[in-house]
Amino acid sequence: MARQLRIEYPDACYHVTARGNERKDVFTNERDREKFLSYLESAVVRYGAVIHAYCLMNNHYHLLLGTPCGNLSQVMQHINGAYTNNFNAKRKRSGHLFQGRYKAILVEADAYAMELSRYIHLNPVRAGISVAPEEYRWSSYRDYVGLRESPAWLSTEFILGLVGIAIEDAQTQYRQFVDCLSDESEQESPLAGVRATMILGREDFVAEIQARHIAVKQPDRNVPALRQLADRPAIDRIINAAIGEFGEDEHLAKKAAIYLSHRHSGARLREIGERFGVKESAVSQASRRFQRELDTDKELAKMVERLKNRLFLSNV
């Protein structure tokens, strides 16, 4: 059975979600939600977790949390385990409350924390539970915009600090930041950029995680993300290999590099486009055109095959 790869290290940041088993409600009344929040508080006090943002829906929750001690598993075992035990005891039931293990996405906080907090705080609006995020009590949005006094265990300083101004102004700016999307029915999720189901960050962040935490692990067929990440070369590595293969033909080297970056790097179109100085749409178009060239030019196909061998890529 496939397992999710967990990457844990000090000062990591994660977007964490957990859903009710069979999509059933895990919060049925105010007392349930208050109890869950008490376990967030004890996770901060006992295990040093940093809770940046949260939203408790009916059958799932979202957290944006940091782990200064590099102990995500310990933190989540406490939160989910303690809440499940309490939930079951009150209802004289047994068994799983949540559907499998929680899902944790490692996040490059400086680049994505604000967008993720907005995504989390707009959950009730997207679900049609509330018209505006401030109407929903069970998220941290009211704390961010100064509508109530924040509990000591909630850390709003990091995200509000990204605005870079005084706290009152930061709260106003944050409200505007959220409001600019709150009326849109179709909002692009920042999670659309997640790599291998578990990392959200720019290319250099992903490359660093690969080098420090993925490359040193042994392949495991039960952890698909491990092989998926380990097999993905960074764009700069692809460019250097293409130059080595095609020599002075810079135009051909660039076309091959765009093609392989699109097919194998795992980078988003925006990142690839920025690296090569082209628009996102041009990346996909260039990749398709180059594939057609490979289908008709056997010599070029052989050169690209050698290039893929340089990069230890599979024939995908």
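Just so you know, these numbers come straight off a predicted model, no measurement behind them. Numbers here are sequence positions counted from 1. These values consider heavy atoms only, across backbone and side chains, with no hydrogens, waters or symmetry-generated copies.
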Asker: Kindly determine whether His15 and Val194 satisfy side chain to side chain contact (heavy atoms under 4.5 Å, CB included), including the steps that lead there.
Answerer: CA-CA 11 Å; His15 174 259; Val194 170; over 6 Å; no
Asker: Inspect the surroundings of CZ in Arg306 and state if more than 12 heavy atoms from other residues, nucleotides or ligands are less than 6.0 Å away.
Answerer: yes
Asker: Can you tell if the side chain of Tyr83 reaches within under 4.5 Å of the side chain of Ser38, non-hydrogen atoms only?
Answerer: no
Asker: Show the nearest heavy-atom pair for residues Glu135 and Val131, with the distance to one decimal.
Answerer: OE1-N, 3.1 Å
Asker: Tell me, do Ile105 and Leu116 make a side-chain contact under 4.5 Å, heavy atoms counted?
Answerer: no
Asker: Assess whether atom CD of Gln77 is packed by more than 12 heavy atoms of other residues, nucleotides or ligands within 6.0 Å.
Answerer: no
Asker: According to a hydrophobic-cluster definition based on side-chain heavy atoms being under 4.5 Å apart (Ile, Leu, Val, Met, Phe, Trp, Tyr only), do Leu269 and Tyr112 belong together?
Answerer: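 Leu269 does not cluster with Tyr112.
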Asker: Does this structure show an ion pair linking Arg270 with Glu274, if we count only N-O contacts that are shorter than 4.0 Å?
Answerer: yes
Asker: Quick one: pull up CD1 in Ile209 and CG in Asp204 and give me the separation to the nearest 0.5 Å.
Answerer: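 With rounding to 0.5 Å, CD1 (Ile209) is 10.5 Å from CG (Asp204).
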Asker: Work out which heavy atom in Gly66 is nearest to a heavy atom in His52; give both atom names and the distance.
Answerer: N-CD2, 3.9 Å
Asker: Quick one: does Asn86's side chain have a donor or acceptor within less than 3.5 Å of a partner on Ala82's backbone?
Answerer: no
Asker: Determine whether a donor-acceptor pair (N or O, by modelled atom type, separation under 3.5 Å) exists between the side chain of Ser42 and the backbone of Tyr39.
Answerer: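 Flag set: sc Ser42 to bb Tyr39 pair under 3.5 Å.
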Asker: Can you check whether Glu280 reaches Val283 side chain to side chain, under 4.5 Å on heavy atoms?
Answerer: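 No - every pair of side-chain heavy atoms lies 4.5 Å or more apart.
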Asker: Is any side-chain heavy atom of Pro133 closer than 4.5 Å to one of Val178?
Answerer: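 Touching, per the 4.5 Å side-chain cut-off.
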Asker: Kindly write out the residues that satisfy side chain to side chain contact (heavy atoms under 4.5 Å, CB included) with Glu134, not counting sequence neighbours, or none if the list is empty.
Answerer: Ala132, Tyr141, Leu147, Arg175
Asker: Please examine the side chains of Asp32 and Lys90, heavy atoms only from C-beta on, and report whether any two atoms are closer than 4.5 Å.
Answerer: yes
Asker: Look at the side-chain heavy atoms of Ile, Leu, Val, Met, Phe, Trp and Tyr, link any pair under 4.5 Å apart, and say whether Leu97 and Trp138 land in one connected group.
Answerer: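 In one cluster: yes.
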Asker: With heavy-atom distances below 4.5 Å as the criterion, would you say the side chains of Val26 and Phe36 are in contact?
Answerer: no
Asker: Treating Ile, Leu, Val, Met, Phe, Trp and Tyr as nodes and any side-chain heavy-atom pair under 4.5 angstrom as an edge, say whether Tyr259 and Val278 lie in one connected cluster.
Answerer: no
Asker: If you round to the nearest 0.5 Å, how far is OG1 of Thr67 from CD of Gln74?
Answerer: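 Reported value, rounded in 0.5 Å steps: 10.5 Å.
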Asker: Just wondering, do Tyr47 and Ile79 contact through their side chains at under 4.5 Å, heavy atoms?
Answerer: no
Asker: Give the minimum heavy-atom separation between Glu8 and Leu72, together with the two atoms involved.
Answerer: OE1-N, 3.2 Å
Asker: Out of curiosity, does Met114 fall in the hydrophobic cluster containing Val50 (side-chain heavy atoms, cut-off under 4.5 Å, transitive links)?
Answerer: no
Asker: Between Asp110 and Arg202, is the closest basic N to carboxylate O distance under 4.0 Å?
Answerer: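 The answer is no: the pair does not qualify as a salt bridge.
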Asker: Between atom CG of Leu294 and atom CZ of Arg289, what is the distance when rounded to the nearest 0.5 Å?
Answerer: 13.0 Å
Asker: Measure the acute angle between the ring planes of Tyr61 and Phe98, then classify it against the limits of 30° and 60° as parallel, tilted or perpendicular.
Answerer: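 Geometry flag for Phe98 against Tyr61: perpendicular rings.
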Asker: Quick one, Lys254 with Phe246, criterion side chain to side chain contact (heavy atoms under 4.5 Å, CB included). Give me CA distance, side-chain angles, the key distance, then yes/no.
Answerer: CA-CA 9 Å; Lys254 180 178 179 180; Phe246 293 102; over 6 Å; no
Asker: Specify the closest pair of heavy atoms between His121 and Ser139, including all atoms of both residues, with the distance to one decimal.
Answerer: CD2-OG, 3.9 Å
Asker: Starting from Val304, can I reach Ile272 by hopping between I/L/V/M/F/W/Y residues whose side chains sit under 4.5 Å apart?
Answerer: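 Different hydrophobic clusters.
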Asker: Calculate, to the nearest 0.5 Å, the distance between atoms CD and CG belonging to Gln173 and Leu160 respectively.
Answerer: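 Going from the CD atom of Gln173 to the CG atom of Leu160 covers 11.0 Å.
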Asker: I'd like to know whether Arg33 forms a side chain to side chain contact (heavy atoms under 4.5 Å, CB included) with Arg137, so could you lay out the CA-CA distance, the side-chain angles of the two residues, the decisive distance to 0.1 Å, and finally the verdict.
Answerer: CA-CA 10 Å; Arg33 290 176 166 86; Arg137 288 179 54 197; over 6 Å; no
Asker: For the atom pair CD (Gln176) and CD (Gln171), what is the distance rounded to the nearest 0.5 Å?
Answerer: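 Reported value, rounded in 0.5 Å steps: 12.5 Å.
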Asker: Is there side-chain contact between Cys55 and Leu122, with at least one heavy-atom pair below 4.5 Å?
Answerer: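 No - every pair of side-chain heavy atoms lies 4.5 Å or more apart.
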Asker: May I have the step-by-step check of side chain to side chain contact (heavy atoms under 4.5 Å, CB included) for Phe27 and Asn58, ending in yes or no?
Answerer: CA-CA 5 Å; Phe27 305 112; Asn58 290 334; 5.6 Å; no
Asker: What distance separates Ile238 CD1 from Arg275 CZ, expressed to the nearest 0.5 Å?
Answerer: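 Between Ile238 CD1 and Arg275 CZ, I get 11.0 Å after rounding to 0.5 Å.
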Asker: Mind listing the closest non-hydrogen atom pair of Ser150 and Asp143 along with its distance?
Answerer: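 Shortest heavy-atom separation between Ser150 and Asp143 comes out as OG-CB, 3.1 Å.
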Asker: State which residues pass side chain to side chain donor-acceptor pair (under 3.5 Å) with Ser287; sequence neighbours excluded, sorted by chain then number.
Answerer: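 Result, side chain to side chain donor-acceptor pair (under 3.5 Å) vs Ser287: His262.
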Asker: Quick one: closest heavy-atom pair of Pro190 and Glu115, and the distance?
Answerer: CB-OE1, 3.7 Å
Asker: Could you verify whether a donor N or O on one side chain and an acceptor N or O on the other, from His60 and Thr17, lie under 3.5 Å apart?
Answerer: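 Judged by distance alone, the side chains do not pair up.
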Asker: So which of Ile120, Leu37, Val16, Leu64 actually passes side chain to side chain contact (heavy atoms under 4.5 Å, CB included) with Tyr54?
Answerer: Leu37
Asker: Using distance alone, with no hydrogens and no angle criterion, decide if Tyr174 and Thr156 have a side-chain donor and acceptor under 3.5 Å apart.
Answerer: no
Asker: Could you list the residues that satisfy side chain to side chain contact (heavy atoms under 4.5 Å, CB included) with Gln99, not counting sequence neighbours?
Answerer: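 With neighbours one apart ignored, the set is Asn21, Arg23.
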Asker: Considering only NZ, NE, NH1 and NH2 on the basic side and carboxylate oxygens on the acidic side, decide whether Lys24 and Glu22 come within less than 4.0 Å.
Answerer: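 Salt bridge flag = yes for Glu22 with Lys24.
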Asker: Does Glu250 CD have over 12 foreign heavy atoms under 6.0 Å away?
Answerer: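 No.
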